[in-house]
Protein chains: 4
Amino acid sequence: MPKLGMQPIRRDALIKATIEQIGEKGTTDVTVAQIARAAGMSSALAHHYFGSKSDILVEAMRQILRTYGDLVRGALVQAQTPHERVQAIIFASFAQPNFDRTHVVAWMNFYVLANVEPRAARLLRVYQRRLRSNLAAHLRPLSGARAMDVAKRLAALIDGLYLYHSLRAEAPNGARAAEHVNAALRAELALCAS
Amino acid sequence: MPKLGMQPIRRDALIKATIEQIGEKGTTDVTVAQIARAAGMSSALAHHYFGSKSDILVEAMRQILRTYGDLVRGALVQAQTPHERVQAIIFASFAQPNFDRTHVVAWMNFYVLANVEPRAARLLRVYQRRLRSNLAAHLRPLSGARAMDVAKRLAALIDGLYLYHSLRAEAPNGARAAEHVNAALRAELALCAS
Amino acid sequence: MPKLGMQPIRRDALIKATIEQIGEKGTTDVTVAQIARAAGMSSALAHHYFGSKSDILVEAMRQILRTYGDLVRGALVQAQTPHERVQAIIFASFAQPNFDRTHVVAWMNFYVLANVEPRAARLLRVYQRRLRSNLAAHLRPLSGARAMDVAKRLAALIDGLYLYHSLRAEAPNGARAAEHVNAALRAELALCAS
Amino acid sequence: MPKLGMQPIRRDALIKATIEQIGEKGTTDVTVAQIARAAGMSSALAHHYFGSKSDILVEAMRQILRTYGDLVRGALVQAQTPHERVQAIIFASFAQPNFDRTHVVAWMNFYVLANVEPRAARLLRVYQRRLRSNLAAHLRPLSGARAMDVAKRLAALIDGLYLYHSLRAEAPNGARAAEHVNAALRAELALCAS
DNA sequence: AATGAATGAGGATTCATTCAT
DNA sequence: GATGAATGAATCCTCATTCAT
């Protein structure tokens, strides 16, 4: 029962299935056939809608980053003070649907994929740069010249917490993770103030 | 003419080659044949000395962790005060030969491998636990009840910096990375003191 | 808005596109989708108007042979003497639009296709028989009993020149090719006369 | 029961099987698996000893050309006069083992392959150039300035006869084919003499 | 101790073809 | 009349692994 306009539907289904499969199996070595089956179609169709497995993976990354970007933007509009803005970014970094086992594992896989797939590397570098500059911009009123250094540490801490949770069997606790970053933030700001 | 006691020599060569190849190619998908060739032997011999590719990878991880453990231990014996001990651990975390591109990339690959190979997961969990408890033990005199939380953050920050540098093309700067963790440490301790 | 009588138009477009694509890519391994796209339609429609890829290929051959037959017939009506008639056939064999790179390459591909597709083999055998008997018929007044043998050689020479030019990058020179066959003809006839 | 020095044996077997399979099935679309099976090994081994299917095909061509070259050289050493030398080349062109159905069909397939595989094109161009210049060199004492033109025609005639026989079901008759070329040669030379 | 030989299993990708709309 | 949707089947190629020597 083929309908028209399947393309976006199929692509979305494939991207979703890709993230899930990578999260579930823990590796980008999941088969295109596995992904396609999980998305309810043949592997041939997956190749039809994306050019290659690499394309699928890259689009899955892009999708996660898009979701994350939306989350951050959404949180920022509600924030009033610089401090709230920094916290908004931190909270968004550990918010659903990105901070569950599946996405965390997929995310770490993408970091490794970046060693092999230049587009993945580019996406991650953009993400890193944005996160750092975003944090630094809002930190400046709070920590002045140290803003960028603090931003780098907070960003690394965030990614480190992702890495940590990719090893844990339990569902990651976003609130606790965010609280850790917040604590680090408080410490850094206190030091600045003194 | 086969010499006696080749076993440890061959195994060492293979482990070294494994780390180098993973670091160079950026993925654990390097072939056993590639590794063996880099180690100057046939892939059949690699299988002879290790049972399987997984075994080789796990031993390569173990080797990195052993080196790291030695580094930490060596630094600790020279440290006098609790504060020095914490710093010793931090410095060791970014010391050669572990903190170069090759090892950083291999390290991240092992994190992902852990999703698929239980022994890799076990090794990494042991590493994480030790790092945390090690840091916490020496932090306790400095930050009291908050010691474990601070330790968790420092550990995550360390791994986050590894993750960050796995994406960079340049050789990672260990001194700068260590200084970042030190700055975070200072901030945390200052907050405790107040 | 579908027009009436699209069938012949579509079929012609497909046949034309088939020859062009085979000539361009150099192989019958061109995709039905490629051919259809070049003909400005979907591959499904191509299958609608022809039953299968094989059908398309066979019809493309038939088309080339039809064009060639028309060329020969057209040239023959203007020829007066037996000698002129033989030359008419020769010239027609290297006339446009059949003797350009595209058609030459397609033609050679059809020879190979004949090993796999019986209809292609039949078409080519008919072509060969006609060419030979055609030449022989007009040669008889000139070379008597040797006519059929001479015809066979001229026919083989013609096809050999096609084969030769299928390898050349430049546009084939029909006049020069025809002149070669003419020279052979002169030689054969001179020998007969003596 | 693996022995040493299998490489040349396997390669020869594969090349032989390749020619046979192409000759039998009539197309280069024969599977690597088919070829390998016909050569008594797995397709993986075929890929091990040659890099790719293309490599196998190119080597098969090279082998045919080598055989042909040897045939020609062997015939030439026994020839005394220029006329005998030309005839030696002609006879060698239709001698066993190259002029049987299998090789004729394979040969035509290689002509088509040349449109897609540059190495095949190069090999064929070398073959054509050598055949022409070889013929022309020995024709010069006999036909003077016309030597190269005559050589071109004889060469084209030879290939045309191959093409012709690739369509026939029966085993090609080398003697008769050679006689055709000889007749053409006689005619050309007679014309020169007059 | 060491390796060339060998393969089974698997995976990405392509494509002719069919079908519902 | 026309096409997007969909797939089964096939093909090339890779690789970990085993084995006889």
Side-chain angles (χ1 to χ4, degrees), chain A residues 1-7 9-10 29-37 40-56, chain B residues 1-7 9-10 29-37 40-56, chain C residues 1-7 9-10 29-37 40-56, chain D residues 1-7 9-10 29-37 40-56:
Chain A
M1 46 235 85
K3 298 163 192 169
L4 259 61
M6 282 284 98
Q7 169 137 350
I9 298 172
R10 293 301 197 183
D29 283 345
V30 280
T31 299
V32 172
Q34 279 170 8
I35 294 172
R37 197 174 320 123
M41 70 193 85
S42 72
S43 67
L45 198 56
H47 275 97
H48 175 70
Y49 283 121
F50 291 88
S52 68
K53 182 179 178 182
S54 262
D55 289 347
I56 302 181
Chain B
M1 42 220 77
K3 296 160 194 164
L4 293 181
M6 290 306 286
Q7 167 134 352
I9 298 173
R10 293 298 197 184
D29 284 345
V30 281
T31 301
V32 171
Q34 280 170 5
I35 293 171
R37 196 174 322 123
M41 69 193 86
S42 72
S43 67
L45 196 56
H47 274 91
H48 175 71
Y49 281 121
F50 293 88
S52 69
K53 183 179 178 183
S54 261
D55 290 348
I56 302 180
Chain C
M1 40 219 74
K3 296 161 194 164
L4 293 180
M6 290 305 286
Q7 167 136 353
I9 298 173
R10 293 299 197 184
D29 283 346
V30 280
T31 301
V32 172
Q34 280 170 6
I35 294 172
R37 196 176 320 123
M41 69 193 86
S42 72
S43 67
L45 197 56
H47 273 92
H48 176 72
Y49 281 120
F50 293 88
S52 68
K53 182 179 177 182
S54 261
D55 291 348
I56 302 180
Chain D
M1 46 236 86
K3 299 163 191 166
L4 259 62
M6 282 283 97
Q7 169 135 352
I9 299 173
R10 293 302 198 182
D29 284 345
V30 281
T31 299
V32 172
Q34 279 169 9
I35 294 172
R37 199 174 318 124
M41 71 193 85
S42 72
S43 67
L45 197 56
H47 275 98
H48 175 70
Y49 282 121
F50 292 89
S52 68
K53 182 179 176 181
S54 262
D55 289 346
I56 302 180

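Computed from a predicted model, the values in this text were never measured in an experiment. Chain letters run A, B, ... following the sequence lines, proteins first, then strands; residues in each count from 1.
- Atom CG in Leu4(D) sits about 19 Å away from atom P in dC19(F), given to the nearest Å.
- As rounded to whole Å, 12 Å separates atom C1' of dA20(E) from atom CE of Met6(A).
- Closest of all the heavy-atom pairs between Val32(C) and His47(C) is CG1-CE1, 3.6 Å.
- Dashed line: the shortest gap from a side-chain N or O of Arg10(A) to OP1 or OP2 of dG4(F) is not under 4.0 Å.
- Under the side chain to side chain contact (heavy atoms under 4.5 Å, CB included) criterion, Leu45(B) pairs with Arg10(B), Met41(B), Ser42(B), His48(B), Tyr49(B), not counting sequence neighbours.
- Judged as a side chain to side chain donor-acceptor pair (under 3.5 Å), and not counting sequence neighbours, the contacts of Ser54(D) are Glu117(D).
- With sequence neighbours excluded, no residue forms a side chain to side chain donor-acceptor pair (under 3.5 Å) with Thr31(D).
- Gln7(C) places its CD atom 11 Å from the C1' atom of dG1(F), with the value rounded to the nearest Å.
- Distance CG (Asp29(B)) to C1' (dT14(F)): 11 Å, rounded to an integer number of Å.
- Comparing Gly40(D) and Val32(A) along DNA chain E, the residue whose closest nucleotide (by nearest heavy atom) sits nearer the 5' end is Gly40(D).
- Taking each heavy atom of Ser43(D) and Ala33(D) in turn, the nearest pair found is CB-CA, 3.9 Å.
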task: Taking Watson-Crick and G-U wobble pairs with both distances under 3.5 Å, convert DNA chain E into its dot-bracket string, 5' to 3', dots for unpaired and | for cross-strand pairs.
output: .||||||||||||||||||||
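- DNA chain E lies under 4.0 Å from at least one heavy atom of each of the following residues of residues 43-55 of chain D: Ala44(D), Leu45(D), Tyr49(D).
- Within the structure, salt bridge (Lys or Arg N to Asp or Glu O under 4.0 Å) pairs that include any residue of residues 43-52 of chain C do not occur (at least two apart or interchain).
- Remark: P of dG10(E) and CD of Gln34(A) are 11 Å apart, rounded to the nearest angstrom.
- Nucleotides of DNA chain E nearest to Met41(D) and Ser42(B) differ in position, and the one nearer the 5' end is that of Ser42(B).
- Atoms CZ (Arg37(C)) and P (dA2(F)) sit 18 Å apart, rounded to a whole Å.
- Annotation: the span from Lys53(A) atom NZ to Asp29(A) atom CG amounts to 5.5 Å, rounded to 0.5 Å.
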